[in-house]
J.: 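I am attaching a structure below and will ask some questions about it afterwards.
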Amino acid sequence: MLLDYRQLSPLLAALDGDGTAPRLDHLKQDLAEVMDAYQQPRYSFVLRRVPDLLVRAQLAAHAHTEDERLAAFRLAALAGQSAAMILTKLGEPDLAWIAAQRGLAAAEQSEDPAVIGSLMRSLIHALHTHGRPLDAMNMTRTAADFLNRRLDSSRPALLSIYGTLLLPGAVAAARAGDRATAKDYPRLARRLHHGKAAHTDRRHHPVPRTRPPHPLIASPEAVGPLPVS
C-alpha cells in the first residue's frame, strides 16, 4: 500500500483520475468504515480499502483550499493512521513507522491538536513494535507535553487520545527500565479517565454499553464540519 506510485506525488494521482477532487464527505464515510472494520475485526476489508483511501485522501489534501484543505489533511492523517494500524497488526513495523510518519506530516498540516496527538500515538506504537522502548518512552513524553498544553474538557477526543497514549508509554518505560515513569503514566491516565467521565455525566450523556468507535471518527468535532455538496 505504501509502494503505490501514486503516493509519490499528488500530480501522479491526479493524472490517473478524472481531475475531480475527492469529496470530503465520501472520504469521511470511507475512513469510518475502515476504522470500524479494524475494530470488529475485519482485517481483509481494511487491507482492501486502505490503499485507495490513502491515495484519495492525499489528493484531496492538495486539491482543496482554505477550511476544506484543513479538513482534507485531517482525513489524510487518519488514513495514514489506519495504514499504520493494519501494518502493525501484520507484523510490518518498518512500514507502519513510514505510514505513521506520513500521517503525522499530514496531521501537522491540519492544525488539529487531536489529530496530531493521535498520530503521535501511532508513532509510539510503531516504535514499541520496532523494539525501541526508550524512543517510545521519549516520544510519549513529547506527545504528552504537546497535548497537556492544549487540553480542553469540551473536546473529549483530545482527552481520550492523551489518556490512551500514556498506556503504551508506560509499557515502553517499563521495558526501558524507568520504573517511576511506568507507574506515573497509568495513574495519570486514570485521572484523565475520571475527569472525562465526570464531564460526560455533567452533560447528561448516556454511557455506551458497546465498544465505542474510534474517537476521531465518532466525534464530529474531531474531524470538523465537512462540506457536503
Side-chain angles (χ1 to χ4, degrees), residues 35 38-41 43 46 77-78 80-105 107-108 112-201 207-208 210-219 222:
M35 292 293 192
Y38 181 86
Q39 289 188 344
Q40 288 180 10
Y43 297 143
V46 177
L78 296 175
Q81 178 174 300
S82 68
M85 289 161 52
I86 190 63
L87 287 167
T88 297
K89 186 65 65 174
L90 292 175
E92 295 287 351
D94 292 331
L95 293 178
W97 170 255
I98 293 171
Q101 280 185 313
R102 291 182 181 179
L104 182 58
E108 290 171 350
D112 187 327
V115 177
I116 294 171
S118 189
L119 268 297
M120 286 180 169
R121 181 179 57 188
S122 289
L123 285 173
I124 293 167
H125 280 290
L127 286 167
H128 192 276
T129 305
H130 210 276
R132 297 163 61 185
L134 183 59
D135 289 336
M137 182 185 72
N138 290 334
M139 184 68 199
T140 302
R141 184 176 294 115
T142 298
D145 289 344
F146 172 83
L147 291 173
N148 190 51
R149 294 193 296 269
R150 295 162 176 83
L151 283 183
D152 181 353
S153 61
S154 67
R155 296 198 65 184
L158 196 60
L159 294 171
S160 294
I161 292 161
Y162 189 19
T164 55
L165 69 81
L166 293 172
L167 300 179
V171 175
R175 292 186 175 179
D178 189 335
R179 297 178 62 184
T181 300
K183 292 180 180 179
D184 286 344
Y185 280 164
R187 283 197 292 263
L188 178 55
R190 285 193 293 270
R191 288 202 299 271
L192 287 169
H193 174 74
H194 293 322
K196 179 187 172 186
H199 176 72
T200 301
D201 290 343
V207 177
T210 57
R211 184 178 185 182
H214 188 278
L216 292 179
I217 299 301
S219 174

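As the structure is a computational prediction, the values presented were derived from the model and not from experiment. The chain is numbered in sequence order, starting from 1.
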J.: Which residues pass the side chain to side chain contact (heavy atoms under 4.5 Å, CB included) test with T140, not counting sequence neighbours?
T.: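 T140 satisfies side chain to side chain contact (heavy atoms under 4.5 Å, CB included) with I124, L165, L166, Y185 only.
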
J.: Does T88 have any side chain to side chain contact (heavy atoms under 4.5 Å, CB included) partners at least two apart in sequence or in another chain, and if so, which?
T.: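 T88 satisfies side chain to side chain contact (heavy atoms under 4.5 Å, CB included) with A96, T129 once adjacent residues are dropped.
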
J.: Could you pull out all residues at least two apart from Y43 that satisfy ring-ring contact (aromatic ring centres under 6.0 Å, His included)?
T.: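 Residues passing ring-ring contact (aromatic ring centres under 6.0 Å, His included) with Y43: Y38.
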
J.: The criterion is side chain to side chain donor-acceptor pair (under 3.5 Å); which residues satisfy it with R187, sequence neighbours excluded?
T.: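 Partners of R187 under the side chain to side chain donor-acceptor pair (under 3.5 Å) test: D184.
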
J.: Just grab all the salt bridge (charged side-chain N to carboxylate O under 4.0 Å, His left out) pairs involving residues 133-144, residues at least two apart or on different chains.
T.: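 Salt bridge (charged side-chain N to carboxylate O under 4.0 Å, His left out) check on residues 133-144 returns R132-D135.
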
J.: Going from CG on D112 to CG on L78, what distance comes out if it is rounded to the nearest 0.5 angstrom?
T.: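 The CG atom of L78 is 8.5 Å from CG of D112, to the nearest 0.5 Å.
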
J.: If you measure from CE on M85 to CG on L90, what distance do you get to the nearest 0.5 Å?
T.: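 CG of L90 is found 12.0 Å from CE of M85.
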
J.: What are the two closest non-hydrogen atoms of L167 and A189, and how far apart are they?
T.: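 Closest pair (atom of L167, atom of A189, distance): CD2-CB, 4.0 Å.
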
J.: According to side-chain hydrogen bond (donor to acceptor under 3.5 Å, both in side chains), does anything in residues 171-181 pair up with another residue at least two apart or in another chain? List the pairs.
T.: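 Of all non-adjacent pairs touching residues 171-181, those that pass side-chain hydrogen bond (donor to acceptor under 3.5 Å, both in side chains) are D178-T181.
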
J.: Taking only residues two or more places apart in sequence, or in another chain, which ones meet E108 in a side chain to side chain contact (heavy atoms under 4.5 Å, CB included)?
T.: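 Expected list: L104.
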
J.: Would you give the length of the straight line joining atom CE of M139 to atom CG of L123, rounded to the nearest 0.5 angstrom?
T.: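 Answer for the CE-CG pair, M139 versus L123, is 5.0 Å.
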
J.: Report the residues that fulfil side chain to side chain contact (heavy atoms under 4.5 Å, CB included) with H125, sequence neighbours left out, ordered by chain and then residue number.
T.: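 Expected list: R121, P168.
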
